[in-house]
Asks: 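Below you'll find the structure I mean.
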Amino acid sequence: MQEQDVYRYRVILSHDAETGQCVAEVPALDIADYGADSAEALSSVQEMIAFHLECLALEGDEIPREQSREDGLYVQVRLAVGAT
């Protein structure tokens with residue numbers, strides 16, 4: 001099994017009154033995604049985080065680490081060590 005690095009990011013959930021969607025924002029990465037409810041929004045944003053980090057790694061860019069120590073909701077993403 002390949003070794004993996006774990007990245008943890010704070011997620012802020014909100015409700016978009018105009019669309020009725022739940023929005024999941026990741027301030028540390030300046031990305032967001034949405035879903036019909038919080039579970040769908042979290043799943044979508046977690047996939048987006050993984051894709052974003054893989055792209056950064058492939059381009060040789062540094063992968064940002066979460067700096068926030070605030071209480072709240074956090075998601076974890078695992079990347080193969082070779083990808084970073």
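The chain is numbered in sequence order, starting from 1.
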Asks: OH of Tyr7 to CD1 of Ile63: how many Å apart, nearest 0.5 Å?
Replies: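 Between Tyr7 OH and Ile63 CD1, I get 4.0 Å after rounding to 0.5 Å.
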
Asks: Quick check on Phe51: does its CZ atom have over 12 non-hydrogen neighbours (other residues, nucleotides or ligands) under 6.0 Å away?
Replies: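 No.
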
Asks: Tell me which donor-acceptor pairs under 3.5 Å the side chains of residues 18-37 have, and how far apart each pair is, sequence neighbours excluded?
Replies:
from, atom 1, to, atom 2, distance (Å)
Thr19, OG1, Gln21, N, 3.2
Gln21, OE1, Ala36, N, 3.4
Asp37, OD1, Ala39, N, 3.3
Asp37, OD1, Glu40, N, 2.8

Asks: Can you give me the closest heavy-atom contact between Arg10 and Asp71, atom names plus distance?
Replies: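 It is NE-O, 3.8 Å.
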
Asks: Hey, could you give me the CD1/CD distance between Ile49 and Gln76, rounded to the nearest 0.5 Å?
Replies: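 That separation rounds to 11.0 Å.
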
Asks: Hey, could you give me the OH/NE2 distance between Tyr9 and His52, rounded to the nearest 0.5 Å?
Replies: 7.5 Å

Asks: Tell me if the CG atom of Asp61 is crowded by more than 12 foreign heavy atoms within 6.0 Å.
Replies: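 Buried by this count: over 12 neighbours within 6.0 Å.
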
